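Because the structure is predicted, anything quoted here is derived from the model rather than measured.
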Amino acid sequence: MRKMSVSLAALLAVGFSAPAFAQDDDRAGTIQVKVLGTAVLPDGEIGEVEVDTFGLPAGSQAKATDEFIPSFAVEYYVNNNISIETIAGVARHDVEGLGALAGVELVDDLRLVPATVTAKAHLDVAPGIKPYVGAGLAYFMYFAEDEGSGIAQLGVNDADLSNEFGFALQAGVDFALGDSGYGLTIDAKRYFITTDASFRVDGTEIIRTEHNLDPWTLSAGVYVTF
């Protein structure tokens, strides 16, 4: 978290030190609403086995599936070069075994809400082109997860993923479509976050693993400014 604070301070410093780029483009107090298509690409693995009375075979690994979802963002400009953005969407994933667990479905049809708030620093590099970088906090909330068909055959009848805080780094660019208030946007985020996956048989926990999720989200879409 200390690294995130240093990064965020640096981004804000960049934004406040560059007002000369945006004197002719007063965004202070405006709001942008974005509608996006987003690829959610988990890049994680089992980081630690915390409970194992079942006896996982050596070389066991797991990975959540990639998904493509609609998402939404609302962004408020504090001044020409600094904004605050919140992102919303619901992703659906399965968790599949790798290595010694290859072919075993571990978690079925979980839903993830990656609630995220970032602070962004913007620069005007050319008329209508505004790249940015950002950083912020995220809270991953999981619900509706079920034990996968593969692990259910081993007697597991309950699966649960823990809700967790993490942080995100962000970069992208907005392209204004003239003075219409509309524009195009592309965005990339890298999250740094973990979750504990717990598997139970009739209420007794037999496996608990910590997963380093660290997903990428890649988005493109349109925005309107109010």
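With rounding to the nearest 0.5 angstrom, the CG atom of Asp160 is 10.5 Å from the CG atom of Leu110. Taking NE2 of His211 as the start and CG of Asp196 as the end, the distance is 8.0 Å to the nearest 0.5 Å. Taking CD of Glu75 as the start and OG1 of Thr118 as the end, the distance is 7.5 Å to the nearest 0.5 Å. How far CD1 of Ile46 is from NZ of Lys63: 13.0 Å, rounded to the nearest 0.5 Å. A distance of 6.5 Å separates OH of Tyr223 from CG of Leu177, quoted to the nearest 0.5 Å. Taken to the nearest 0.5 Å, the CG atom of Leu41 stands 12.5 Å off from the NZ atom of Lys189.
Under a 4.0 Å N-O distance rule, the pair Asp124/Arg27 qualifies as a salt bridge.
Inter-residue side-chain proximity for Ser83 and Val78 is flagged as unmet; no heavy-atom pair is nearer than 4.5 Å. Put simply, the side chain of Asp214 reaches to within 4.5 Å of the side chain of Arg190, judged on heavy atoms. With a 4.5 Å cut-off on side-chain heavy atoms, Thr217 and Tyr191 count as touching. Inter-residue side-chain proximity for Lys34 and Asp174 is flagged as met; some heavy-atom pair is nearer than 4.5 Å. Side-chain atoms of Val201 and Phe54, non-hydrogen and from C-beta on, never get closer than 4.5 Å to each other. Under the 4.5 Å side-chain criterion, counting only non-hydrogen atoms from C-beta, Leu98 is not in contact with Glu45. Considering only heavy atoms from C-beta on, Leu36 comes within 4.5 Å of Ser71 through its side chain. By the 4.5 Å heavy-atom criterion applied to side chains, Leu112 and Glu67 are not counted as neighbours.
Across Ala73 and Glu85, no two heavy atoms sit closer than the pair CB-OE2, 3.8 Å. Minimum heavy-atom separation, Glu164 to Thr194: CG-O, 3.0 Å. For the pair Ile193 and Gly166, the tightest heavy-atom approach, listed with the atom from each and the gap, is CD1-N, 3.7 Å. Listed here is the closest heavy atom pair of Ile69 and Ala91: CG2-CA, 3.9 Å. Nearest approach of Ile151 to Leu106, heavy atoms of both residues: CG2-O, 3.5 Å. The two residues Tyr142 and Asn163 have their closest heavy-atom pair at N-OD1, 2.8 Å.
For the pair Asp94 (side chain) and Asp109 (backbone), a donor-acceptor distance under 3.5 Å is present. The closest donor-acceptor contact from the side chain of Thr116 to the backbone of Ala138 lies at 3.5 Å or more, if one exists at all. Checking side-chain atoms of Glu145 against main-chain N and O of Leu161 turns up a donor-acceptor pair under 3.5 Å. A donor-acceptor pair under 3.5 Å links the side-chain atoms of Glu105 to the main chain of Ser149, judged by distance alone. Asn157 contributes a side-chain N or O that, together with a main-chain N or O of Asp202, makes up a donor-acceptor pair within less than 3.5 Å.
No continuous path of hydrophobic side-chain contacts links Leu56 to Val51 [ILVMFWY only; heavy atoms under 4.5 Å]. When hydrophobic clusters are built by joining Ile, Leu, Val, Met, Phe, Trp and Tyr residues whose side-chain heavy atoms come closer than 4.5 Å, directly or via intermediates, Val104 is grouped together with Val156. Val133 and Ile87 end up in different hydrophobic clusters when Ile, Leu, Val, Met, Phe, Trp and Tyr side chains are linked at under 4.5 Å. Criterion: ILVMFWY side-chain heavy atoms under 4.5 Å apart, direct or through other members. Under it, Phe175 and Val125 are part of a common hydrophobic cluster. Leu213 and Phe143 are members of different hydrophobic clusters when ILVMFWY side chains are connected at heavy-atom separations under 4.5 Å.
Listed by first then second residue, pairs satisfying ring-ring contact (aromatic ring centres under 6.0 Å, His included) with a partner in residues 69-115 read Tyr77-His122, not counting sequence neighbours.
More than 12 heavy atoms of other residues, nucleotides or ligands sit less than 6.0 Å from atom OH of Tyr139.
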